[in-house]
Structures are given as structure tokens and as C-alpha cells.
Amino acid sequence: MAYAAFRSIGAYVPSKILTNEDLATMVDTSDEWITKRTGIKERHIAGENETTSDMGVEAAKLAIERSGIDSSEIDMVICATISPDYFCMPSTATIISTKLGLGNVTAFDISAACTGFVYILSIAKAFIESGMKKNILIIGAEKLSAITDYSDRGTCILFGDGAGAAVISATDNKDEAIIDVHTGADGSYADLLMTPNGGTGSPHDSLDQEAGACFMQMKGNETFKVAVRTLTKDVVEILADNNLDGTDINHFVPHQANYRIIKAVGDALKLTQKQVIVTVEKYGNTSGASIPMAINDIYEDGSLKEGELMLLDAFGGGLTWGSALVPFSPKK
Ligand code: UT7
């Protein structure tokens, strides 16, 4: 049986920065409120003509370069995004694949909001373990600024743009293998976090509205409470299922939505500050891109070492959730 190894990571962050002070000139808010309630100080915003696929391509180039394989060996591309280049079709993954010159490999998107990266990790693992694919490029990429209502202070302070990518490859060595991935969903909470307009579920006249057709809406406080509960339950279960505990984890990499959520989950697991990876202060919430962007940060600052165990944990619109136990296994 083939195992799936997490070989490499890459990320891209657009250069333009939107600070809390900038937002305070746009809506009734303050740096003090945003910092205290979310931990966010700034977020990066893509250029007007910069697309989700453009950012995904830059992250993917780095991940492929660091994977030790040739790009011609990639046999599948999966992109997690809720802000695709085009709603419906073509998929952002096909655009990324073509921009990278990967040939006619299988390419598709999935929609699982902030849990997207954990979902595509589970898909890549399954395809590799089944023997159907050998080297899969997975990408979380978001231009959330394009679907954010900058007159809504409840959401516009949270979101940012960026992309992260990883190469998952087949290996015979069980020590290198992704240990486990859990995913779940509950549509009965759909109304907590959604883009209510612009699809077949919306009133037909809303399809005619150009501006605001696809803006995100969130019941923040209710989402917060479900997030803490679900994220904690999720990691407790995946650790127990694999006879591990918090002391076995080198890096806890949660979805970066709100520092208070991250802290609550880290405290519940009795993790040290060093174990818990926090990037929300500089990137805000980048949905499906947030986990790979955070992994890239610890890779680039030298704190992610070969063989170290990462615990990923995500939660988002749908509602969806997921967790994963992932050793960092660069190609030898
Ligand atoms: O990524 C997917 C999952 N997403 C999440 O998990 C996000 C979860 N939610 C959150 O992070 C938090 O709920 C928020 C940061 C969105 C909001 O924080 P909160 O502590 O839950 O605040 P709240 O919604 O309960 O609002 C408290 C007060 C309200 O005023 P009143 O009614 O007490 O007078 C809001 O109107 O804060 C007010 N408020 C603001 N004030 C200044 C809401 N947004 C702002 C703002 N600036 N930006």
C-alpha cells in the first residue's frame, strides 16, 4: 500500500496591506476593538487585477520547487477556494494548472470554506493511498476582499487575501505518512456564515444586483461559540483515535479566524504558547488559505523541521470542520 507524505509548502501574500487604522476610516470601528476582539492588526489585499489563481500559482511554484520533484510529475491539482476566479466554471484549479504548464492533469476545486485545505488534504491522501495518483498539488487560495462588504464592520475587519500550497506524494515509508484526517459538516448551521445572493438559492432579482451579489454575511457571535466547541471536540477526537496527546504535537496549526478562538482551543488541549501557531495578527482570516500560509511561515522561519508532527484544525462556513495529523516529510 502507498502512503501519502506531506513533502513541501509554499505561500504567497499580496503586497498591499490594510491596517486596522485604515478600516477605522471606512467603518465605525477602532484598532483597539479589532485587536482586543480578534487579535488582527492587519491583512493583505490583492491588487485589483490580481486573481485567486494568480496567487495560487505563486504559492504552487514555491511548493513544487521545494518538493524535490519535477513539475511534470504532478498528476492532480486540487484547489480549495470560496472566491474562485469565476463562479461556476472554469475551476480555479484548471486555470492554475494551465498557468503552471502542468499539462492535462486532473484538476478541480472544492468548496468547504475555511476547512477547504483540510478537505483537499483528505482527498489527496485518499487518491494516493488508493494508488490512483502519485504527486498531488493542493492549493488554498482566496481573494476574500472581492466578496467582502466593506460597509459591514462585523465582517470587513476579519478577512484578507493570500494563498498557500503543498505537494503530497506517494511513499512506501510509513514513518513519513500523513497519520489521519477527519472531516465533517452540518448544513443545519448554513445561515451562520454564507453568501446568500448570487446562486440558485437566492431570489432571482438578486442575481441582477452587480455589487454585493456575493458578499459574505456572518452571525459572528454564534459562529464564534460553535467554532470553539467544534474545533476543540475535533482535535480531542483525532488525538484519542490515534493514541496521541498534546505533548506529541510539535506544531498546532489551527485555522486563523480569531486569536480568542485559537487560544481557547490551545488552552483546552493544554498546549504551550510555542506549540500554537498564530499568524492571524498579520494576515487576518484568509479562509482556505490560512492553514497553508501559517505552515509556510513556520517553514520559512526555520521552526518546522523534518519529521515534526503538525496538528491541523479548521472550521468554517457550511458548517464544515476538519483536523489532521501530519508529519512534515520533505523528500530525502
Ligand atoms: O472563519 C470561519 C469562522 N469564523 C469565525 O469563527 C469568526 C467567529 N466570530 C468572531 O470572530 C467574533 O464573533 C467577531 C470578531 C466577528 C465579533 O466579536 P464578538 O466579541 O462576538 O462581538 P459581537 O458580535 O458580540 O458584538 C459586540 C459589540 C456589538 O455592539 P453592542 O450590541 O454590544 O452595542 C457590535 O455591534 O461590538 C459591536 N461591533 C463592533 N464594534 C466595533 C461589532 N463589530 C464591531 C467592530 N468595531 N468592527
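Quantities reported herein were computed from a predicted structural model and do not represent experimental measurements. One-based numbering, in listed order, for ligands and for the atoms of each.
- Atom 43 (C) of ligand 1 is approached by the protein to below 4.0 angstrom, counting heavy atoms only.
- Among all non-hydrogen protein atoms, the one lying nearest atom 18 (O) of ligand 1 is R260 NH2, 3.7 Å.
- Between the side chains of D85 and S53, at least one donor N or O sits under 3.5 Å from an acceptor N or O.
- Atom 2 (C) of ligand 1 has as its closest protein heavy atom C114 SG, 3.4 Å.
- Taking the side chain as every heavy atom from C-beta outward, Y150 and L18 approach each other to under 4.5 Å.
- Close approach of ligand 1 to D28 is summarised as follows: ligand atoms under 4.0 Å from at least one heavy atom of the residue are 42 (C), 47 (N).
- Remark: ligand 1 atoms within the under-4.0 Å shell around heavy atoms of I157 are 48 (N).
- Between I9 and R66, the closest heavy-atom pair is O-NH1, 2.8 Å.
- One finds the CD1 atom of I34 at 14.5 Å from the CD atom of E281 (value rounded to the nearest 0.5 Å).
- Regarding atom 30 (O) of ligand 1, its nearest protein heavy-atom neighbour is R153 NH2, 4.5 Å.
- Atoms of ligand 1 found under 4.0 Å from any heavy atom of R37, numbered from 1 in the order shown, are 19 (P), 20 (O), 22 (O), 27 (C).
- Ranking the protein heavy atoms by distance from atom 24 (O) of ligand 1 puts N221 CB, 4.2 Å first.
- Interface of A257 with ligand 1, defined as ligand atoms under 4.0 Å from a residue heavy atom, comprises 1 (O), 5 (C), 6 (O).
- With contacts defined as side-chain heavy-atom distances shorter than 4.5 Å, the pair I168/F6 qualifies.
- N104 CG to T94 OG1: the interatomic distance, rounded to the nearest 0.5 Å, is 11.5 Å.
- Each of K134, E176, K331 was compared with T171 under the side-chain contact (heavy atoms from CB on, under 4.5 Å) criterion, and only E176 meets it.
- At least one N/O-N/O distance between H255 and ligand 1 falls below 3.5 Å.
- Scored by the side-chain hydrogen bond (donor to acceptor under 3.5 Å, both in side chains) test, S15 finds no partners at all (sequence neighbours excluded).
- Of the listed residues (L269, V326, V253), just one forms a side-chain contact (heavy atoms from CB on, under 4.5 Å) with L311, and that residue is L269.
- Inclusion of T29 in the set of residues having an N or O under 3.5 Å from an N or O of ligand 1 is warranted.
- Of the protein's heavy atoms, I261 CD1, 3.3 Å lies nearest to atom 6 (O) of ligand 1.
- Looking only at atom types and distance, the side chain of D161 has a donor-acceptor partner in the side chain of S145 under 3.5 Å away.
- Put simply, the side chain of H44 gets close to the backbone of P14: a donor and an acceptor are under 3.5 Å apart.
- For ligand 1, the atoms closer than 4.0 angstrom to any heavy atom of T38 are 15 (C).
- Using a 4.0 Å threshold on non-hydrogen atoms, atom 32 (O) of ligand 1 does not count as touching the protein.
- At the shortest separation from atom 14 (C) of ligand 1 among protein heavy atoms lies N258 ND2, 4.5 Å.
- Of all protein heavy atoms, the one lying nearest to atom 9 (N) of ligand 1 is G220 O, 3.0 Å.
- The protein reaches atom 22 (O) of ligand 1 closely, with a heavy atom under 4.0 angstrom from it.
- Taking atom 37 (O) of ligand 1 as the reference point, the nearest protein heavy-atom neighbour is W33 CZ2, 3.4 Å.
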